[in-house]
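Throughout, residue positions are numbered sequentially from 1 according to the sequence presented. Worth saying up front: this structure is predicted, and the values here are computed from it rather than measured. All ligand and atom numbering here is 1-based and tracks the order in the structure.
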Amino acid sequence: MVRLDILSSLLAAAGVAQAVANTPQVVPGAYIVEYENNQDTAAFLKDIKGEATLRKNLKFKLFKGASIQFKKLEKAEEMAEKIAEMPAIKNVWPVKSYPVPQHTVHSTGSALAAELKKRQVEGKDLFTPHLMTQVNKFRDAGETGKGIKVAVIDTGIDYLHPALGGCFGEGCLVSYGADLVGDKFNGKNTPVPDADPLDTCQGHGTHVAGIIAAQSSKNPYGIIGAAEGVTLGAYRVFGCTGDVPNDILIAAYNMAYEAGSDIITASIGGPSGWAEDPWASVVSRIVEDGVPCVVSAGNDGAEGLFYASTAANGRRVTAIASTDNTLSPALLSNASFKVDDGPVKSFGYTVGEPGAWDGVSLPLWAVNFDTTDAANGCDPYPDSTPDLSGYIVLVRRGTCTFVQKITNARAKGAKYVLFYNNVVGTTAVSGVVEGVRGVAMVTADQGAQFIKTLQAGSKVVPTFTDPETAPKFLANFDNILSAGFASTYTSWGPTFEVDVKPQFSAPGGMILATYPRALGAYAVLSGTSMACPLAAAVYALLINARKTSDPRTLENLLSSTAHPNLFQDGRNAYPVLAPVPQQGAGLIQAWDAARATTLLSVSSLSFNDTDNFVPVRNFTISNTAKEAITYDLGHVGAATGYTLPDNGSATPDTFPNDLTDDFATLAFTPSGKITIPAGQRRIISVRAAAPTGLDAKRLPVYSGYITINGTDGSGLSLPYLGVAGSLHSATVLNPRLTRLSRTGDSLNIAVAANTTFILPPAGHSNDTAYRNTTLPKIVVELAMGSALVRIDVVPVNSCRAANATTVLGTKSVGMPADTPLYYNPRGTLEASWDGKLSDGTYVKQGIYKLAVKALKIFGDRDNVDDYEKTETVPFRIRYAGAPEKRSPIPFQSARVKKTVAKRQENCEA
Ligand SMILES: *[C@@H]1O[C@H](CO)[C@@H](O)[C@H](O)[C@H]1NC(C)=O
Ligand SMILES: *[C@@H]1O[C@H](CO)[C@@H](O)[C@H](O)[C@H]1NC(C)=O
Ligand SMILES: *[C@@H]1O[C@H](CO)[C@@H](O)[C@H](O)[C@H]1NC(C)=O
Ligand SMILES: *[C@@H]1O[C@H](CO)[C@@H](O)[C@H](O)[C@H]1NC(C)=O
Ligand SMILES: *[C@@H]1O[C@H](CO)[C@@H](O)[C@H](O)[C@H]1NC(C)=O
Ligand SMILES: *[C@@H]1O[C@H](CO)[C@@H](O)[C@H](O)[C@H]1NC(C)=O
Ligand SMILES: *[C@@H]1O[C@H](CO)[C@@H](O)[C@H](O)[C@H]1NC(C)=O
Ligand SMILES: *[C@@H]1O[C@H](CO)[C@@H](O)[C@H](O)[C@H]1NC(C)=O
């Protein structure tokens, strides 16, 4: 067994997008209800006696229901449970909301009219994301996806952008769609839908749209949409700030489906790992009904294995991973500089936040002249440092945060900080520090040139104009670091039920495309958000080329023809293929997919885990060519990744995980060379044996590719994966870190036993007077995902205990409102508690503990042994200004009185 070296902390300011885990938030009192039949929503609302108002009618061909908002929040869970039992109701889910995906904005253009001058792209398509995926061959052959309708569910599209058609409606590039929310929507307030999906304030959807269909003759940078000939549908689901709730997403998907879209793409998601989530299950239905749906795999690569994102993790939903572009384009602002008394020269930079550079003309100063200094400027500057208020401080990026470097420069008076990069290109630095007016970044090369000049004893004086209006120019740098490798930020599968995720990859790192005119018109962005629309465009090209839009056929073709690549950890490549849970089938090869005559019946195989091991999986090879072909079946292993670290911790390792080159053994029946006559097919049985000698407790995920090489020159591959350990035995709950804390404590420090919380009077938590009340906060740390987390309120005083019922072995007076929690990703769940229970009542004053139970993966909900359990310390609850009423007891002997008083005291002690 060869252990591959692990590099740690490479994410620190090294030019890779940092993942921020955004656990979807539950919207209080809001539920999605699905009807069994075509029930009328007005009648339904009447049936529930006006207890709820309508959020959104969800009356569609594939989904009949509504989302509702209970008027009385305290009654919501109880009502939801009652509704779930109504015979006319199929499903009830709480509404959850999702943020605009984290993506990195590297640089943007400027809205100067002069820049929008059109430039015809002459000759062949040389746009690098297209060269990487063979999309250029379609354009060179005149195939542009004509007649195909691609729906984009996102932040809207700036269709007035000249490269995006300049208009909306019939005959325009963006020809259909709607705004489901309005500018002011923030995920919590009431959406104000209208017919116009214009994106003026966000940018994400406008970038996505340009990747699919930017008009190559209408932009100055030679940007070419991968399928310029399609028409786009824009479904705007985000306002200018905030999240999108899943009822809006479900509506948008169904609207896009009913508008006759041929493909639906969404670069939206949140950590999950469960295909059962309502949004994912609605997308699955649309795919089952024949419309391919691609969803970005997520940008949480830093979290390691088992971090699949919804709705990408839905069954039959095609999850798109990201590969880094071979070029790193940058839209740089022009500034000038002089060395000593030499001539005026120019250089490019990317403005950061703050960006008050207009009119700044000061000499450069650097803390040292070492352009390889990894932690340049991370330590406080030496005493000998001059007053830096008259300089622009030049600092190399790396190791510590931008803010720390700026703070150190500021400590010596600096007002302007110019970073030079430690990786290719530039990025927009966000570094607000009191007193600092401008931050910006230049390339590593430009920085080295300045440093060399300073070291030679010369004076370098840059002069800036207003970055808002400074001319921009496109600079392309070769991506010498990560070209063609899986992006370090791309999220890893599989799901907790061992579904293969992601399906395949497309270029998403360092992509130049359109941006709202008001935000610079063009921008370079990175994320799986940028990979997904390219895959959507490829589907458009394939639908025309293969004359089918069957999602299964197209996914199988793209998977079998994709090219897997070696593993790369952000710095170094290793001589072993990257795991399937990172890159899926690999980088798509659109032209090969369009022309393949050998078809496989599946896009991947899962052998599940050891408890549910499926030793034999079948697939079919169909030879649709005109002559018999002999196929040579083989197998190439990909790196096996350990989910858990080797120190015995139950918390999954972060990227890059420990990898080994222990591979599974596969045997094929029939074996060896298989000849399939023209027009015929053969079933191939694949018998797998997981790699041996691995530490099963660390949940190794093995994977690889079955290779199918034909005598016609075809070379296909089929990805597979499995888990060489038991997911049911995996620890899901971290009892040490599951604890009681208090609201307002962002570090979630555990409270001491018997801490007293004075809660707002029942039902008054939202009153202004009580908004700042410190509430108990339960912090549940899930080492792995759990399909069900129960929290029970356990009475500690004997008088309460007498009234409690025993649920799954725990004495409980109920569950806190908004619990239990279903289909949870791994990570931290937090819930503050104002004493309200899920049945709408409030617990009495007294001493309680919270008992947490997390269902093991593949566990049985009704079996107490399938849960992992822990309890918080006891804590005391009192209600402010509302002492518990004591009913007068008319006739009592002194002795009885004393006992009653004592019991009362216990209960409220
Ligand atoms: C940048 O500025 C320099 C000097 O001011 C000028 O000569 C050059 O043409 C400018 N370049 C662009 C792309 O605007
Ligand atoms: C793995 O086995 C479990 C238990 O039978 C099942 O629920 C799950 O769907 C299986 N996963 C796959 C990918 O077949
Ligand atoms: C796989 O194929 C073999 C040979 O055709 C057949 O006997 C077997 O039943 C198939 N297994 C499954 C699970 O479909
Ligand atoms: C099929 O072709 C690929 C690529 O050339 C090669 O790596 C693999 O070993 C071949 N498989 C067999 C079974 O010859
Ligand atoms: C908390 O209070 C309970 C009951 O009053 C008592 O038994 C226990 O010792 C206390 N715990 C601590 C740590 O003070
Ligand atoms: C809480 O109060 C705010 C403002 O008073 C209101 O907008 C909001 O809807 C209330 N939230 C709940 C959950 O009642
Ligand atoms: C709540 O706390 C915040 C921050 O400490 C403060 O600004 C605000 O005025 C407080 N509100 C009330 C109602 O006390
Ligand atoms: C016990 O439960 C009953 C019925 O739910 C309730 O009326 C009563 O107040 C409870 N008593 C205590 C001590 O919690």
Give me the residue, atom name and distance of the protein heavy atom closest to atom 1 (C) of ligand 3. Asn618 ND2, 1.5 Å
Does Asn608 reach ligand 2 with a nitrogen or oxygen that is under 3.5 Å from one of the ligand's nitrogen or oxygen atoms? yes
Ring centres under 6.0 angstrom apart (Trp93, Tyr31): no
Please identify which atoms of ligand 2 are closer than 4.0 Å to at least one heavy atom of Ser606. 13 (C)
Below 4.0 Å from ligand 2: does a non-hydrogen atom of His728 turn up there or not? no
Atom NZ of Lys697: over 12 foreign heavy atoms under 6.0 Å: no
On a heavy-atom basis, I'd like to know which of Ile706, Leu716, Asn709, Leu633 is closest to atom 10 (C) of ligand 4. Asn709
Can you name the atoms of ligand 4, numbered from 1 with element, that are less than 4.0 Å from a heavy atom of Thr707? 11 (N), 13 (C)
Would you say the rings of Trp274 and Tyr822 are close, in the sense that their centroids are separated by under 6.0 Å? no
Per-atom filter on ligand 3: closer than 4.0 angstrom to a heavy atom of Ser685 are 1 (C), 2 (O), 3 (C)
For Gly634, atoms of ligand 4 separated by under 4.0 Å from a heavy atom: 13 (C)
Which residue and atom name correspond to the protein heavy atom nearest atom 4 (C) of ligand 2, and how close is it? Asn612 OD1, 3.3 Å
When you measure from atom 11 (N) of ligand 2 to every protein heavy atom, which one gives the shortest distance, and what is it? Glu497 O, 2.8 Å
Sub-4.0 Å protein heavy atom next to atom 14 (O) of ligand 4: yes
Atom 7 (O) of ligand 4: the protein heavy-atom neighbour that sits closest, reported with distance to 0.1 Å: Val636 CG2, 5.0 Å
